[in-house]
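Just so you know, ligand 1 is whichever comes first in the structure, and atom 1 is the first atom listed for that ligand.
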Amino acid sequence: MGKLDGRVAVVTGAASGNGRGMAVRFAEDGADIVVADLNEAGMQETARMVRQQERQALTVRCDVANKGEIDALFAATVERFGRVDIAVANAGVAERETDCLIMTEEQWDRTIDINLKGVFFTLQAAANEMIRRGEGGRLIAIASIMAEWGSAGTPAYCASKGGVKQLVKSFAQAVGSFGITCNAIGPGFIETEMTRMIRENPMVQDMLVDRTPVGFFGQPEDVAAVAAFLASDEARFVNGTTIFPDGGITSGNYSGRMRQATLAARAEQDKQA
Ligand code: NAI
């Protein structure tokens, strides 16, 4: 018996990275999966991985920047499976060249439309379907450590993720009495397509690993583990919060090299004492 046996989970942005990781993990735990994205080939690959777990997969092309397409996604889900138990608003973009000083209106709108408006209407459509059925459910939105930080180079991304962290608090209040919870996950640096360019720059990669207390980048499985918990019955009292699987990077002003130097200096002092 899996923790999610008999449940139906909709995951947006499930053609790759964190979305695929959560889709496959939910399937391992027993759920049937609706794979929503714009990338057809990626969706088919995720669906294949879900079916390998002997669970059903439905792929639906859906641009989350378009409310009509989100509504159609949930209509297709109900038509095929008759229910929605878990919805993950994961689809997101981190665009280049969105520096505060040069960002255009189009760039701002695109990031906010996908990362914040898309999350809002995904949660709204899922919540209304769950309330209609009356058997509760789990809403999960993917924020980021950038919900906590600013960045001159990605202001719209930071604002969108800070918005997601706030948004789940409002949904938590709106849906809690229906047996539904709404929470966010704020991942640190995870090895996906989104971070490929960062990881291909040795200087940036080294700096970020140095700032991460556990000393490595996360994998989609690390995000999926938190999602699997939030989606389960065990998380029934967790509502309106954001969990950060980030290796400790948001804990403060950490440097691995500084820590090593401090420990070495202390050992030297102890030796001399
Ligand atoms: P990814 O680029 O591998 O996956 C993003 C997916 O979203 C892609 O499959 C893409 O086709 C889809 N997508 C983009 N725009 C869409 C739209 N308008 N409608 C439907 N689907 C769309 O990147 P990753 O890392 O898996 O990102 C997933 C989520 O995780 C995003 O919300 C991202 O902001 C968040 N995140 C990622 C972190 C990381 O280090 N990789 C850290 C923190 C948060």
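Residue-ligand proximity: Thr12 is placed with every non-hydrogen atom at 4.0 Å or more from ligand 1. Heavy-atom distances between Ala14 and ligand 1 stay at or above 4.0 Å for every pair. Contact annotation: Phe217 has no heavy atom less than 4.0 Å from any atom of ligand 1. At a 4.0 Å cut-off, at least one heavy atom of Lys161 sits close enough to ligand 1 to count as contact.
Classification of Arg133 and Asp85 as a salt-bridged pair holds, one side-chain N sitting under 4.0 Å from a carboxylate O. In this structure, Arg257 pairs ionically with Asp206, as a charged nitrogen and a carboxylate oxygen lie closer than 4.0 Å. Taking a cutoff of 4.0 Å between a charged side-chain nitrogen and a carboxylate oxygen, Lys3 and Asp29 do not qualify as a salt bridge. A salt bridge does not link Arg110 to Glu106: none of the charged side-chain nitrogens sits closer than 4.0 Å to a carboxylate oxygen.
Closest heavy-atom approach to atom 42 (C) of ligand 1 among the candidates Pro245, Ser144, Gly188: Gly188. Of the listed options Asn39, Val60, Val64, Val64 places a heavy atom closest to atom 19 (N) of ligand 1. In the candidate list Asp63, Leu38, Asp113, Leu38 is nearest to atom 16 (C) of ligand 1, counting heavy atoms.
At least one donor-acceptor pair under 3.5 Å links the side chain of Asn183 to the backbone N or O of Gly240.
Summary of contacts: the protein heavy atom closest to atom 43 (C) of ligand 1 is Pro187 O, 3.3 Å. Protein heavy atom at the shortest distance from atom 41 (N) of ligand 1 is Thr192 OG1, 3.0 Å.
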**Residue pair Asp246, Thr250: steps toward the side chain to side chain donor-acceptor pair (under 3.5 Å) verdict** = CA-CA 7 Å; Asp246 68 359; Thr250 49; 2.4 Å; yes

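The shortest side-chain heavy-atom distance between Phe121 and Asn66 does not fall under the 4.5 Å cut-off.
Around CZ of Arg266, the count of heavy atoms belonging to other residues, nucleotides or ligands within 6.0 Å does not exceed 12.
Ligand 1 has no N or O atom lying under 3.5 Å from any N or O atom of Thr195, backbone or side chain. Between Ala65 and ligand 1, not a single N/O pair is under 3.5 Å apart.
Of all heavy-atom pairs between Val11 and Gly19, the closest is CG1-O, 3.7 Å.
Using a 4.0 Å cut-off between heavy atoms, Ile190 contacts ligand 1 through both its backbone and its side chain. The residue Ala94 has no part lying near ligand 1, judged by heavy-atom distances below 4.0 Å.
Heavy-atom contacts of Gly17 reach the following atoms of ligand 1: 3 (O), 26 (O) (cutoff under 4.0 Å).
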